[in-house]
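The structure appears below as structure tokens.
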Amino acid sequence: MVIDENILYSVGAEIRIYKPSEYLFTEGERPNYYYQIVTGEVKLNNYNEDGKEFIQNILSAGQSCGESVLFIDRPFPMNAEALTECSVIRLHKDAFLELLNETPKLYREISSFLSQRLYYKFIMMQNISSPNPAIRLRGLMDYLKSFHHDESPYSYTIPLTRQQMANHTGLCVETAIRTIKHMERENIVKIRDRKILY
DNA sequence: TCATTAAAGTTAT
DNA sequence: ATAACTTTAATGA
């Protein structure tokens, strides 16, 4: 968790429920709130000129979003869409910044969270710039698996659909599927009832 | 080689 | 039932 919920409530935060496919915020909007996910999953994405989706990240309980842009005067560069039903704590920008001023410890925690995001972005950017789809997908899987602490092969079930994996790596679904099949033949992954074990 | 299109089967809602 | 996802195959850059 990023910030203790009780602290957020004490400075005026409110809880909001979002239905699947509802937006927390959209690209181009002016950021007015700090968001922290209590339950559910939120997808950060963009759409390119042809309307093709690119998933930037998928966030789950305990993670925050929107904070990256609260410190600067810029509109949101992405959409935040609820994937499942979500309960999200929302705190107004001014109250959020005020809270950080009063509590240096929180400043550090937010910085740490932002650093993690930056780290993720860097890793993903590295492997997504590879022309080889296997490297892109493996980079994604390696990153996801790095949070599960069992390193043995096939111990981690990829929590994404192939569609989502493709949209994460800028590949088309068909290429993602073919590449994953190829990886299965090479014993890099196992597939058990459509789930990818890595 | 990969994206795109089309078509069909499968799963989830 | 209907939408979303998965898979295979053909074609073209």
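The structure presented is a predicted model; accordingly, all values stated were derived computationally and were not measured. Reminder, nothing fancy here: chain letters follow the sequence lines and each chain counts from 1.
Comparing A/Ile191 and A/Arg178 by the nucleotide of DNA chain C whose heavy atom lies nearest to each, the residue mapping closer to the 5' end is A/Ile191.
For A/Leu171 and B/dT4, the CG to P distance is 11 Å, given to the nearest whole Å. When rounded to the nearest whole Å, the span between CD1 of A/Ile180 and C1' of C/dT6 equals 10 Å. For the pair A/Glu184 CD and C/dT7 C1', the interatomic distance rounds to 13 Å; values are reported in whole Å. Rounded to whole Å, atom P of B/dT13 lies 15 Å from atom NZ of A/Lys19. Atom P of nucleotide C/dT6 and atom CG of A/Leu160 are separated by 10 Å, given to the nearest angstrom. Remark: P of B/dT11 and NZ of A/Lys195 are 12 Å apart, rounded to the nearest angstrom. Atom-to-atom, CD1 of A/Ile177 to P of B/dA6 comes out at 18 Å; the value is rounded to the nearest Å. Here the P atom of nucleotide C/dT6 and the CD1 atom of A/Ile158 are 13 Å apart, to the nearest Å.
Between the side chains of A/Asp150 and A/Ser152, at least one donor-acceptor pair of N or O atoms lies under 3.5 Å.
Of the residues A/Gln56, A/Glu53, A/Gln164, the one that meets the side chain to side chain donor-acceptor pair (under 3.5 Å) test with A/Lys43 is A/Glu53.
Picking from B/dT10, B/dA3, C/dA9 the nucleotide with the shortest atom distance to the side chain of A/Glu174 gives C/dA9. Taking the side chain of A/Pro133 as heavy atoms from C-beta on, and the options B/dC2, C/dT6, B/dT4, the nearest nucleotide is B/dC2.
Ring pair A/Tyr35/A/Phe76 is tilted by interplanar angle, where 30° to 60° counts as tilted.
Residue A/Lys181 places at least one side-chain N or O under 4.0 Å from the OP1 or OP2 atom of C/dT8. For A/Arg162, a side-chain nitrogen or oxygen approaches OP1 or OP2 of C/dT7 to under 4.0 Å. Contact between the side-chain N/O atoms of A/Thr175 and the OP1/OP2 oxygens of B/dC2 is not found at any separation under 4.0 Å.
Using a 4.0 Å cut-off between a side-chain N of Lys or Arg and a carboxylate O of Asp or Glu, A/Glu174 and A/Arg178 do not qualify as a salt bridge. In summary, A/Glu184 and A/Lys190 do not engage in a salt bridge, as defined by a charged side-chain N under 4.0 Å from a carboxylate O.
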